[in-house]
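Predicted model only: the values in this text are computed from it and were never measured. Per chain, numbering begins at 1; letters A, B, ... match sequence-line order.
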Protein chains: 2
Amino acid sequence: MEGKAITIYDIAKEAGVSTATVSRVIAGNYPVSEKTKKKVNSIIKEYNFHPNAVARSLSSKRSRVLGFITPEITNPFFSQVFIEVEKHALEKGYSVLLGNSLNNRKLESKYIRMLLDQQAEGIILLGGLINDIYPDTNQVNDLKEIEKKTKLVTINGKIDGVGSLSVCTDEGKGIEMVVDHLVELGHSKIGIIGGMERITTTQVKIKAFKQALKNHQLEFKDSWQIYSGYDIESGDSGLKTLVDTNTDFPTALIGINDMVAIGLVKGNRKLNRDLAFVGYDNTDLAIASSPELTSVSHPYSDLGKTAIDLMDKDLDNKNHKDIILDPILIQRESTLLKNLKTE
Amino acid sequence: MEGKAITIYDIAKEAGVSTATVSRVIAGNYPVSEKTKKKVNSIIKEYNFHPNAVARSLSSKRSRVLGFITPEITNPFFSQVFIEVEKHALEKGYSVLLGNSLNNRKLESKYIRMLLDQQAEGIILLGGLINDIYPDTNQVNDLKEIEKKTKLVTINGKIDGVGSLSVCTDEGKGIEMVVDHLVELGHSKIGIIGGMERITTTQVKIKAFKQALKNHQLEFKDSWQIYSGYDIESGDSGLKTLVDTNTDFPTALIGINDMVAIGLVKGNRKLNRDLAFVGYDNTDLAIASSPELTSVSHPYSDLGKTAIDLMDKDLDNKNHKDIILDPILIQRESTLLKNLKTE
DNA sequence: CTGTTAGCGCCTTCAA
DNA sequence: TTGAAGGCGCTAACAG
């Protein structure tokens, strides 16, 4: 491997100019005469020279590296956001280091440490700590500390006291759209399954759910709201709980996310009740399901673009930016197969 | 942001030793007396000092950064492999830069370029170019060039002429296990749907499929093998083609991967034929499906571990390593609900 | 066991 | 518009 790499110095010598000049034509930020520029460029091409990004980072104090930390990149919601972030990062010349924290706070901290050591110019947090209603004080303090050293952008989450830049989808509005849609179809008995009590996004959704019901003069029934988690199994178990604790039954069920909704659909294969289902996040799973799931989509591309914009712009740190984007309701078979009103 | 970072120099001064000594206690690779070690460490803690990884890379010529390039991290198979790779990378102190090439060869090259510039110590390739039966000559030459500069490890794919280290699952064997399983259950009419003709993994599977049928004295019917792609829609469309072009119909269908199998299951909801289904990769989708899919699992953790081991070990470049791991058949409802033999 | 001293490859003032 | 020269923060011989 590794033949001795060719450096800016070699190019300079060959072109009969100084390394400073070579550096300038590469960066293109200082005036260089057309003539020398051409000369240098031709030599660069001839040697197939590519500047060493590490040396560059050290010298310029700009690593052009961003970090992205998320609990589970296998979760389609997270990976969907990631690819959009990365896409826009690439456009601005950033590389992205991905850290998969497995929902483990220790690992999360370890990755943050690594990113700081790597002089990451910014760290993007999605899921994990930033959605914890009771975040560990030490970790929060760490984040505050980190903010002094690098930019912090959170997606769909935020931590009190940490003045990070954030972008999120209005998940309350998303749930409202779902309820409106279901009511429109004639449903008045709606349940919401999944999530965990101490997770902010779950709370946002449930709060919005209650409000939306109220808007339609519908009653919120405690026993139709069940915390059970975020995976397929959580849908199944949530449905079981619902059955076990209710005689009166909803006609429509909202899953806290697509995976839970799939679990609900699956669980109902045995029960065979006539139910409408709604998911959340509009991941590939929504289409994998049959019936295909009505789901709320995040504006993924915008989410990614905004996160990168927040990194990129030289925002005043005191000018805390919280950007909120609108969700999109995607209607599919799982609610549309039957319209209660027309029966 | 950015207060003036504290450096090894500050620590040295405060501890009354040289920077070399500080460097040594941090690296822990050279002898330092217990006493000075303690002293230095206490100062490091006191100042909460963390060495600048960039400076370290430049000086030591070891970036401790790996690159991972894959077409679509949202594809559960790819992301599953990724998290295992990353997990083992972390254990060895590597960070991983992820590049999502979107199956675009240009982007693939761009990411490779970025990784080279970042002095990545190794690049892991999964999917994309390395599974192309007719790879572009220029790109292959590029890869050869790259191999001179960094380590190249390919997962589940390989390029002729590029002596890269590789690790893969024996996908032929996987298909053989599937066929054996189906035959065991009494199936003799088996189809295989999905994939693309010019992709190596598809070819491996189909070749193995033919051989497995032969082993059981079963006939391979051309019209029961349909290229259609890799996503859910491909399953659906593949099934349509199957219906359109056959009067005699299989009793069992193998999807080239889980997504295709899901598409098959979904498509069959309308046809309502009595079929057994098998997927491949054993992703979360296999469980999301109902009936849950019998599927072939890769030894994901081993795959990741091996890839990192190949990076890490100082292997002789001429000693080309191709490591082949065994797949695992996971039996689930989609084949087990009915045993033709017992009817 | 520890300090001195060159760099690693590039950027960036400061002069010219 | 260009060159000289001193870092960036750390590592790694080479002495001692």
Side-chain angles (χ1 to χ4, degrees), chain A residues 2-41 43-44 47-65 93 116-121 149-150, chain B residues 2-41 43-44 47-65 93 116-121 149-150:
Chain A
E2 302 287 3
K4 54 239 91 210
I6 110 160
T7 74
I8 208 177
Y9 184 79
D10 305 316
I11 303 297
K13 201 164 64 181
E14 196 68 17
V17 298
S18 71
T19 59
T21 300
V22 177
S23 175
R24 283 172 190 132
V25 340
I26 291 171
N29 48 357
Y30 282 92
V32 180
S33 79
E34 271 312 308
K35 196 168 149 226
T36 53
K37 195 185 292 183
K38 252 179 201 140
K39 173 112 188 217
V40 170
N41 273 325
I43 305 230
I44 285 179
Y47 280 66
N48 188 30
F49 167 69
H50 290 272
N52 179 326
V54 171
R56 224 171 176 172
S57 301
L58 181 60
S59 177
S60 68
K61 299 180 160 291
R62 295 220 54 189
S63 65
R64 306 256 83 182
V65 166
L116 253 24
D117 291 353
Q118 295 284 355
Q119 314 301 111
E121 287 186 38
K149 305 196 177 147
T150 192
Chain B
E2 302 287 2
K4 54 241 88 206
I6 111 159
T7 75
I8 208 176
Y9 184 78
D10 304 316
I11 303 297
K13 202 166 62 180
E14 194 69 15
V17 298
S18 73
T19 59
T21 301
V22 176
S23 176
R24 284 174 191 130
V25 339
I26 291 171
N29 48 357
Y30 282 91
V32 180
S33 79
E34 269 313 307
K35 197 169 146 225
T36 55
K37 195 184 292 183
K38 252 178 203 143
K39 174 113 189 213
V40 170
N41 273 326
I43 304 230
I44 285 178
Y47 281 66
N48 188 30
F49 167 71
H50 290 272
N52 179 327
V54 172
R56 221 168 179 177
S57 301
L58 181 60
S59 176
S60 68
K61 300 179 160 294
R62 295 218 55 188
S63 66
R64 306 256 81 181
V65 166
L116 253 27
D117 292 353
Q118 295 286 355
Q119 314 302 111
E121 287 186 38
K149 305 197 177 143
T150 192

When rounded to whole Å, the OH to P distance for the pair A:Tyr9 and C:dC8 reads 11 Å

For a quick check of understanding: with a heavy-atom distance under 4.0 Å over all strands, which category does B:Val54 fall into, base, sugar-phosphate or nothing? nothing

Is the shortest side-chain heavy-atom distance between A:Ile26 and A:Phe49 below 4.5 Å? yes

Of B:Val17 and A:Asn52, the one whose nearest nucleotide on DNA chain C sits closer to the 5' end is B:Val17

C:dT2, OP1 or OP2 - any side-chain N/O from B:Ser33 closer than 4.0 Å? yes

In whole angstroms, the gap separating P of C:dC14 from CZ of A:Arg24 amounts to 13 Å

So do the side chains of A:Val25 and A:Thr36 get within less than 4.5 Å of each other, counting heavy atoms only? no

Closest to side chain of B:Ala55, choosing from D:dA13, D:dG9, C:dT2: D:dG9

Tell me whether the side-chain N/O atoms of A:Tyr30 come closer than 4.0 Å to OP1 or OP2 in C:dT13. yes

Identify which nucleotide among C:dT12, C:dG9, D:dA13 has an atom closest to any side-chain atom of A:Ser23, counting heavy atoms from C-beta outward. C:dT12

Just how far, in rounded Å, is P of D:dC10 from CD1 of B:Ile8? 5 Å

Tell me: CG of A:Asn29 to P of C:dC11, nearest whole Å? 9 Å

Length of the line joining B:Lys39:NZ and C:dC1:P, which is rounded to integer Å: 18 Å

Looking only at side-chain N and O atoms, does B:Thr21 come under 4.0 Å of OP1 or OP2 in C:dG3? yes

A:Gln118 (side chain) donor-acceptor with B:Ala53 (main chain) under 3.5 angstrom: no

Closer than 4.0 Å, any side-chain N/O of B:Ser59 to the OP1 or OP2 of D:dT11? no

Side-chain N,O (A:Lys35) to OP1/OP2 (D:dT1) below 4.0 Å: no

OP1 or OP2 of C:dG9 sitting under 4.0 Å from any side-chain N/O of A:Arg56? no

Does a side-chain heavy-atom distance below 4.5 Å link B:Asn52 with B:Thr7? no

Just N and O in the side chain of A:Lys61: are any of them under 4.0 Å from OP1 or OP2 of D:dG9? yes

Among C:dG9, C:dC11, D:dC10, the one nearest any side-chain atom of A:Leu58 is C:dG9

Mark yes or no for whether A:Ser60, through its side chain, and A:Arg56, through its backbone, hold a donor-acceptor pair below 3.5 Å. yes

A:Ser57 (side chain) donor-acceptor with B:Val54 (main chain) under 3.5 angstrom: no

Heavy atoms from C-beta onward define the side chain here; which of D:dG9, C:dT4, C:dG9 lies closest to that of A:Thr7? C:dG9

May I have the distance from B:His50 (atom NE2) to D:dG9 (atom C1'), rounded to whole angstrom? 16 Å

B:Ile6 CD1 to D:dG9 P, straight-line distance once rounded to whole Å: 11 Å

Under 4.0 Å, counting only non-hydrogen atoms across every strand here, what does A:Pro51 touch: a base, just sugar-phosphate, or nothing? sugar-phosphate

Should B:Thr36 be listed as having a side-chain N or O under 4.0 Å from OP1 or OP2 of C:dT2? yes

Tell me what A:Val22 touches on the nucleic acid: a base, only sugar-phosphate, or nothing, going by heavy atoms under 4.0 Å. nothing

Which of D:dA13, C:dC11, C:dC10 is nearest the side chain of A:Phe49? It is C:dC10

Any side-chain N or O of A:Ser18 under 4.0 Å from OP1/OP2 of D:dT2? no

Between C1' of C:dG3 and NZ of B:Lys13, the distance in whole Å: 17 Å

